[in-house]
Amino acid sequence: MKFFIDTADLNEIRDLAATGLVDGVTTNPSLIAKNGGDFIEVIKEICGIVSGPVSAECVATDHETMLKEGLYLAKIADNIAVKVPLTVDGLKTCKALSDDGIMVNVTLCFSAAQALLAAKAGAAFISPFVGRLDDIGHDGMQLIAEVVQIYSNYEFDTEVLVASIRNPLHVIDAAKMGADVATIPPSTLKQLFKHPLTDKGLDAFLKDWASTGQTIL
Ligand code: E4P
């Protein structure tokens, strides 16, 4: 399973990329606004830190302008995945960019039917938003199970990128279901490392080691 980080914060990206566990980055207009800075420059910097796919989102809503934006964004670096919304114009743009060999991440997916359309439009990634479905009383992870099954039935190449992750359980459930990618907020990724018994066990080992009076180096 690949781990992307869901942020435009360059310090967080540098910090987590240094673990060797980050396979890509996703951004969206809200994350860009939260981070501040010039959109294109921020995306360029991210592409220099991470060699895997970096999602940069179009903001036009009509096909013609979205396609121009997508072609422009794709020129920033070889590892750009152009992000388009799951709308008729978004999927038309997805098809055109994918036919041109450009990676496309179709975002704001909330149903299996939408995910099926994105795969048929040649998306490299589909981003179902689990947290936002949970927020309105639906079962976000059930959508992941459905999309994984549908894509497997037809051997679509589109990767299931679990988005809007809110907690470590979302990541574990996505892994159990065989989702290809989880895009994880930095705070949640850091939570994955932690277990109280690891801290407790390490404290005890270090205390016992100190009592031997030895050093390794
Ligand atoms: C990722 O591509 C999405 O933009 C992101 O996961 C949305 O997460 P949110 O629902 O926490 O804003």
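First listed ligand is number 1; within each ligand, the first listed atom is number 1. Keep in mind the model is a prediction, meaning the values are calculated, not measured. Note: hydrogens, waters and symmetry copies are ignored here, and every other heavy atom, side chains too, is used.
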In Å and rounded to the nearest 0.5 Å, what is the CG to NZ distance from L202 to K200? 13.0 Å
Under 3.5 Å, N or O to N or O, is T107 touching ligand 1 that way? no
Only one of T183, N105, T7 passes side chain to side chain donor-acceptor pair (under 3.5 Å) with T26; say which it is. T183
Can you get from M103 to I49 by hopping between Ile, Leu, Val, Met, Phe, Trp and Tyr side chains that sit under 4.5 Å apart? no
Looking only at protein heavy atoms, which one is nearest to atom 3 (C) of ligand 1, and what is the separation? F129 CZ, 3.5 Å
Nearest neighbour in protein (non-hydrogen) for atom 1 (C) of ligand 1: D6 OD1, 3.3 Å
Any side-chain to backbone donor/acceptor pair from S98 onto K95? Under 3.5 Å, distance only. no
Which of the atoms of ligand 1 are close to A163, meaning less than 4.0 Å from one of its heavy atoms? 1 (C), 6 (O)
Distance-only N or O hit between ligand 1 and T27, under 3.5 Å: no
Considering only non-hydrogen protein atoms, determine which one is nearest to atom 8 (O) of ligand 1 and report residue, atom name and distance to 0.1 Å. S164 CA, 3.4 Å
Any carboxylate oxygen within less than 4.0 angstrom of a Lys/Arg side-chain nitrogen, looking at K92 and E64? no
Under 3.5 Å donor-acceptor, H138 side chain and D134 backbone: no
Does at least one non-hydrogen atom of R166 fall below 4.0 angstrom from an atom of ligand 1? yes
Assess, by modelled atom type and distance only, whether the side chains of S211 and D208 contain a donor and an acceptor separated by less than 3.5 Å. no
Contact (N/O only, under 3.5 Å) between K83 and ligand 1: yes
At less than 4.0 angstrom from any non-hydrogen atom of R132, what atoms of ligand 1 do you find? 7 (C), 9 (P), 10 (O), 12 (O)
Looking only at protein heavy atoms, what sits closest to atom 4 (O) of ligand 1 is N28 ND2, 2.7 Å
Using distance alone, determine whether S127 and ligand 1 share an N or O pair under 3.5 Å. no
Please check this pair: side chain of Q191 against backbone of N167, looking for a donor-acceptor N/O pair closer than 3.5 Å. no
